[in-house]
Asker: 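Could you have a look at this structure, given as structure tokens, before my questions?
Quantities reported herein were computed from a predicted structural model and do not represent experimental measurements.
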Amino acid sequence: MDPVDKAVLASLYASTLEPLVPAYERMKSRLAVSREFFDERIVRLASMGMVEKTDHSKLTFIGRDALKVVLVGGVFDLIHPGHIHTLMAAKAAGDFLVVVIARTATAQKIKKDRKIYHDENLRKELVESLGFVDLAIIGREGTLYDTVEYVRPNVIALGYDQAHSEKDVAENCKKRNLDVQVIRLSTPIPGSKSSKMKEELGDSIYGI
């Protein structure tokens, strides 16, 4: 598929997940295209059956299937090289990378003694600042699988040190009629972990 067409489809898909930013604005932030050019592409994609003819803001099943969406989740309180390598590896597994930012309450529920310095909105901003991330969203209320059902990814990428097992995640997705490939990412720098950095540096890192 033409990379520009794929970028148009990606912008439409992103705006279905976060409607506050229109698809054209998303597209323009990555590619300097005119509104007229964007609209012409939308009409062409609709004629190809990839965009709904009666609602140009929505992808058809064919259009959605043209995108391989990868979902990866985490707290991302302190971005470090380990995160960069992990997220870039996740991005390489598909066309469109969705990073799910754990809600503070969810992260603390999983690990009760965890100290989180930034709220979820600030952590979302941190991740959004990474140019290769296509979309960052805050996890939905409920379980991980409520967010997975909302995003409906093709691939779920687990970090090398995340506690979830590939088998459990795949089985829970199947229970919700979600056909998802689950992969485990590796990292070339396993010692680069937020918990280790916080343990060694504590609050002093924010005084640098």
Asker: Salt bridge or not for Glu171 and Lys174, using N-O below 4.0 Å?
Answerer: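 So Glu171 does not pair with Lys174 through a salt bridge.
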Asker: Yes or no on side chain to side chain contact (heavy atoms under 4.5 Å, CB included) for Thr60 and Val51, after CA distance, side-chain angles and deciding distance?
Answerer: CA-CA 5 Å; Thr60 63; Val51 174; 5.6 Å; no
Asker: Compare all side-chain heavy atoms of Glu141 with those of Arg103 and state whether any distance is below 4.5 angstrom.
Answerer: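 Of all side-chain heavy-atom pairs linking Arg103 with Glu141, at least one is under 4.5 Å.
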Asker: Tell me, do Phe132 and Met88 make a side-chain contact under 4.5 Å, heavy atoms counted?
Answerer: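 Phe132 vs Met88: side chains touch.
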Asker: Do side-chain atoms of Asn154 reach the backbone of Val69 as a donor and acceptor pair under 3.5 angstrom?
Answerer: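 Flag set: sc Asn154 to bb Val69 pair under 3.5 Å.
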Asker: So how far is it from Leu45 CG to Ile62 CD1, rounded to the nearest 0.5 Å?
Answerer: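 If I round to the nearest 0.5 Å, the distance is 11.5 Å.
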Asker: Answer yes or no: is there a donor N or O on one side and an acceptor on the other, between the side chain of Asp134 and the main chain of Val98, under 3.5 Å?
Answerer: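 The answer is no, because no donor-acceptor pair under 3.5 Å joins these two groups.
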Asker: Counting C-beta onward and ignoring hydrogens, is there a side-chain heavy-atom pair between Ile84 and Ile79 closer than 4.5 Å?
Answerer: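 Result yes, sub-4.5 Å side-chain heavy-atom pair found.
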Asker: Are Asn121 and Ile138 packed together at the side-chain level, in the sense that at least one heavy-atom pair is separated by less than 4.5 angstrom?
Answerer: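 With C-beta onward as the side chain, the pair touches.
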Asker: Determine, for Asp2 against Lys6, whether the closest basic-nitrogen to carboxylate-oxygen distance falls under 4.0 angstrom.
Answerer: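 Lys6 and Asp2: not salt-bridged.
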Asker: Going through the checks in order, is the side-chain hydrogen bond (donor to acceptor under 3.5 Å, both in side chains) test met by Arg123 and Thr104?
Answerer: CA-CA 10 Å; Arg123 289 184 277 116; Thr104 300; 2.9 Å; yes
Asker: Considering only heavy atoms from C-beta outward, does the side chain of Leu17 approach that of Tyr150 to under 4.5 Å?
Answerer: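 SC-SC contact between Leu17 and Tyr150 confirmed.
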Asker: Report whether Tyr13 and Val100 are members of the same hydrophobic cluster (ILVMFWY, side-chain heavy atoms less than 4.5 Å apart, transitive linking).
Answerer: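 The answer is yes; both residues are in one hydrophobic cluster.
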Asker: Does any N or O in the side chain of Arg152 come within less than 3.5 Å of the main-chain N or O of Val180, such that one atom is a donor and the other an acceptor?
Answerer: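 Side chain of Arg152 to backbone of Val180: no pair is present.
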Asker: If I compare all heavy atoms of Glu166 with all of Val182, which pair ends up nearest, and what's the gap?
Answerer: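 Taking every non-hydrogen atom into account, CA-CG1, 3.8 Å.
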Asker: So, do Pro153 and Val70 sit near enough that their side-chain heavy atoms are less than 4.5 Å apart?
Answerer: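 A side-chain contact is absent here, since even the closest heavy-atom pair is not under 4.5 Å.
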Asker: Heavy atoms only: give me the nearest Val72-Ala157 pair and the separation to one decimal.
Answerer: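 Answer, listing the atom of Val72 first, then Ala157: CG2-O, 3.3 Å.
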Asker: Salt bridge or not between Lys124 and Glu18? Use side-chain N to carboxylate O under 4.0 Å.
Answerer: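 Judged by the 4.0 Å cut-off on N to carboxylate O distance, Lys124 and Glu18 do form a salt bridge.
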Asker: Looking at every heavy atom in both Arg26 and Ala14, which two are closest together, and how far apart are they?
Answerer: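 For Arg26 and Ala14, the tightest heavy-atom pair comes out as CD-CB, 3.6 Å.
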Asker: Report yes or no: do Ile42 and Met27 belong to one cluster of Ile/Leu/Val/Met/Phe/Trp/Tyr joined by side chain heavy-atom distances under 4.5 Å?
Answerer: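 Yes, one cluster joins them.
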Asker: Under 4.0 Å between a Lys/Arg side-chain N and an Asp/Glu carboxylate O for Glu149 and Arg140?
Answerer: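 The answer is no: the pair does not qualify as a salt bridge.
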Asker: Aromatic rings His83 and Phe76: how do their planes relate, parallel, tilted or perpendicular, breaks at 30° and 60°?
Answerer: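 Ring orientation, 0 to 90° scale: tilted.
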Asker: Please walk me through it: do Asp39 and Val43 pass side chain to side chain contact (heavy atoms under 4.5 Å, CB included)?
Answerer: CA-CA 6 Å; Asp39 289 342; Val43 170; 5.6 Å; no
Asker: Using a strict threshold of under 4.0 Å (side-chain N to carboxylate O), is an ion pair present between Asp146 and Arg176?
Answerer: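 Answer for the salt bridge query: yes.
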Asker: Decide whether Val133 and Leu135 are clustered together by the hydrophobic rule: side chain heavy atoms of Ile, Leu, Val, Met, Phe, Trp, Tyr closer than 4.5 Å, transitively.
Answerer: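 Unlinked, Val133 and Leu135 end up in two clusters.
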Asker: Could you tell me whether a side-chain N or O of Asp77 sits under 3.5 Å from a main-chain N or O of Ile116, the two making a donor and an acceptor?
Answerer: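 Absent.
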Asker: Just by distance, do the side chain of Thr147 and the backbone of Gly139 share a donor-acceptor pair under 3.5 Å?
Answerer: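 No; zero donor-acceptor contacts below 3.5 Å.
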Asker: Spell out, as yes or no, whether a donor-acceptor pair under 3.5 Å connects the side chain of Ser15 to the backbone of Leu12.
Answerer: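 A pair under 3.5 Å: no.
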Asker: Could you report the tightest heavy-atom contact between Gln181 and Ile183, atom names first, then the distance?
Answerer: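 Minimum heavy-atom contact is NE2-CG2, 3.6 Å.
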Asker: Given 3.5 Å as the limit, does a donor-acceptor pair link the side chain of Arg64 with the main chain of Leu59, or not?
Answerer: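 Pair absent, no side-chain N/O of Arg64 close to backbone of Leu59.
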Asker: Ignoring hydrogens and geometry, is there a side-chain-to-backbone donor-acceptor pair from Asp5 to Met1 under 3.5 Å?
Answerer: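 Side chain of Asp5 to backbone of Met1, a donor-acceptor pair under 3.5 Å: no, none is there.
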Asker: Does Leu87 belong to the same Ile/Leu/Val/Met/Phe/Trp/Tyr cluster as Ile156, with side-chain heavy atoms less than 4.5 Å apart forming each link?
Answerer: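 Result: no, two separate clusters.
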Asker: Can you check whether Tyr145 reaches Val169 side chain to side chain, under 4.5 Å on heavy atoms?
Answerer: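 Yes, their side chains come closer than 4.5 Å.
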Asker: Output all residues satisfying ring-ring contact (aromatic ring centres under 6.0 Å, His included) with Tyr24, sequence neighbours left out; order by chain, then residue number.
Answerer: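 If we apply the ring-ring contact (aromatic ring centres under 6.0 Å, His included) test to Tyr24, skipping adjacent residues, the hits are Phe38.
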Asker: So which heavy atom on Val4 is nearest to which on Phe37, and how close?
Answerer: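 For Val4 and Phe37, the tightest heavy-atom pair comes out as CG1-CE2, 3.7 Å.
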Asker: Assigning hydrophobic clusters by single linkage (Ile, Leu, Val, Met, Phe, Trp, Tyr; side-chain heavy-atom cutoff under 4.5 Å), is Val8 placed with Phe96?
Answerer: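 They do share one cluster, since a chain of ILVMFWY contacts under 4.5 Å joins Val8 to Phe96.
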Asker: What closest approach, in Å, do Ser57 and Thr16 show between heavy atoms, and which atom pair accounts for it?
Answerer: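 The answer is O-CG2, 4.0 Å.
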